[in-house]
> 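Just dropping this structure here.
It should be emphasised that the depicted structure is a prediction, and the values quoted were computed from it without experimental measurement. Convention: sequence-line order gives letters A, B, ...; per-chain numbering from 1. Side-chain atoms are counted along with the backbone in the values below, which use heavy atoms only and exclude waters and symmetry mates.
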Protein chains: 2
Amino acid sequence: MTRRMDPLTAEVVDLIGTIVARYYQEYDAAAAVHRLTGAQARVLALLAPGPMPMRQIAQRLKCEPSNVTGIVDRLEAQGLAERRADPADRRVKLAAATEQGRDTAAHLRASLDFAREPLGALSEQDRRTLRDLLQRMLGDAPAGGSPASA
Amino acid sequence: MTRRMDPLTAEVVDLIGTIVARYYQEYDAAAAVHRLTGAQARVLALLAPGPMPMRQIAQRLKCEPSNVTGIVDRLEAQGLAERRADPADRRVKLAAATEQGRDTAAHLRASLDFAREPLGALSEQDRRTLRDLLQRMLGDAPAGGSPASA
DNA sequence: TGGTTTGCTTGACAAAGTGAAACATCCAGG
DNA sequence: CCTGGATGTTTCACTTTGTCAAGCAAACCA
């Protein structure tokens with residue numbers, strides 16, 4: 001057990017840990033500007049492109065559906081989201097961002113300086129290299145980006 | 001506002017978001033193996049090298065000291081940590097990992113496959129490049145290492 | 001000495017998260 | 001058709017994390 005990690009790998013792991021901490025911190029701060037918690041902001045960002053069933057939100061967040069109920073409740077209370085019926089399946093409730101919700105989501109995305117600013121220290125060539133390295137590190141899996149959800 | 005981000009930068013940001021999500025997920029999973037939550041594991045890792053005042057733990061976690069009280073309480077209840085008096089200042093309580101706590105911390109660190117495995121896809125040269133890019137991205141700040149706080 | 005600051009804990013509270021139970025709806029086999 | 005099982009959501013009870021304000025003891029300062 002406890003197989004030793006080589007120093008270089010350990011260093012990279014530490015750096016990633018630092019990035020993770022900073023990412024969370026700045027994400028929460030950006031959300032707080034709009035009176036949102038991190039979880040609420042994440043759901044709102046998920047809903048910005050279009051409505052989504054509660055179940056699917058839970059899958060994306062990797063949590064139980066019962067948890068999503070509360071988060072959407074709070075977004076709804078602030079007028080940022082609403083629940084709609086799914087015409088195709090009456091069990092399903094589609095969470096959808098309101099006009100104001102989409103607006104907030106856009107501002108939120110804009111205020112993600114955590115992304116622009118530190119990356120500004122890198123040249124375009126560097127960023128390209130970084131992207132390739134991260135992609136390979138993640139096994140070329142698509143970068144959590146487009147939902148591809150119906 | 002809402003200055004557009006160039007597509008390359010956006011791609012890198014997305015990748016970082018994916019890494020952050022995966023990091024958290026795997027960290028929590030590794031902690032759960034030892035009946036710990038993520039926060040408890042983080043504190044235990046902090047205490048593994050040596051005792052630390054409660055106040056300092058709070059600074060490292062960027063949270064209120066009152067929050068640390070509860071987390072250390074739970075570690076203490078599991079026999080993984082204990083509180084000691086600071087001979088130099090009787091107000092201070094030093095949280096310290098017990099023998100068992102250090103042992104758990106070591107196993108925890110070992111089970112961080114999240115670090116070794118994905119990085120295994122990169123050659124040593126690649127890891128070196130990645131390290132340098134991340135360091136520059138973080139403004140050459142030391143990688144979350146030494147506190148330097150008095 | 002006395003007043004202020006510092007370190008920790010307590011209490012009340014909100015949000016995030018889990019798990020189990022309840023309920024409606026859908027779907028498939030007989 | 002209709003019954004039984006699977007699915008989607010919510011509710012409830014509960015834990016953990018986290019905040020903030022108040023309280024208390026010890027240290028510091030003048």
> Any side-chain N or O of A:Arg90 below 4.0 angstrom from OP1/OP2 of C:dC26?
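For C:dC26, OP1/OP2 do have a side-chain N/O of A:Arg90 under 4.0 Å.
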> Contact class for A:Arg83 vs. all strands (heavy atom < 4.0 Å): base, sugar-phosphate, or nothing?
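Counting heavy atoms under 4.0 Å across all strands, the contact made by A:Arg83 is with sugar-phosphate only.
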> I want to check one thing: is the phosphate of D:dT17, taken as OP1 and OP2, less than 4.0 Å away from some side-chain N or O of B:Arg74?
yes
> Looking only at side-chain N and O atoms, does A:Arg55 come under 4.0 Å of OP1 or OP2 in D:dG8?
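Affirmative; the distance criterion is met.
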> Tell me which of B:Ser66 and B:Arg91 sits closer to the 5' end of DNA chain C, going by the nucleotide each one is nearest to.
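First, find each residue's nearest nucleotide; the 5'-ward one identifies B:Arg91.
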> Hey, are A:Glu76 and A:Arg74 close enough for a salt bridge, meaning a charged N less than 4.0 Å from a carboxylate O?
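Looking at A:Glu76 and A:Arg74, the cut-off is not met.
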> Whole Å only: how far is the CD atom of A:Glu76 from the P atom of D:dT9?
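That distance rounds to 14 Å.
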> Base, sugar-phosphate alone, or nothing: which one does A:Asn67 contact when heavy atoms must sit under 4.0 Å apart?
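Result for A:Asn67 = base.
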> When rounded to the nearest 0.5 angstrom, what is the spacing between CG in B:Leu134 and CG in A:Leu134?
7.0 Å
> Report yes if at least one side-chain N or O of B:Gln56 is closer than 4.0 Å to OP1 or OP2 of C:dG7; otherwise report no.
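For C:dG7, OP1/OP2 do not have a side-chain N/O of B:Gln56 under 4.0 Å.
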> Verify the contact: side-chain N or O of A:Thr37 to OP1 or OP2 of C:dA16, cut-off strictly under 4.0 Å; return yes or no.
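Indeed, a polar side-chain atom of A:Thr37 lies that close.
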> Assess, by modelled atom type and distance only, whether the side chains of A:Thr129 and A:Asp126 contain a donor and an acceptor separated by less than 3.5 Å.
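No, A:Asp126 and A:Thr129 have no side-chain donor paired with an acceptor closer than 3.5 Å.
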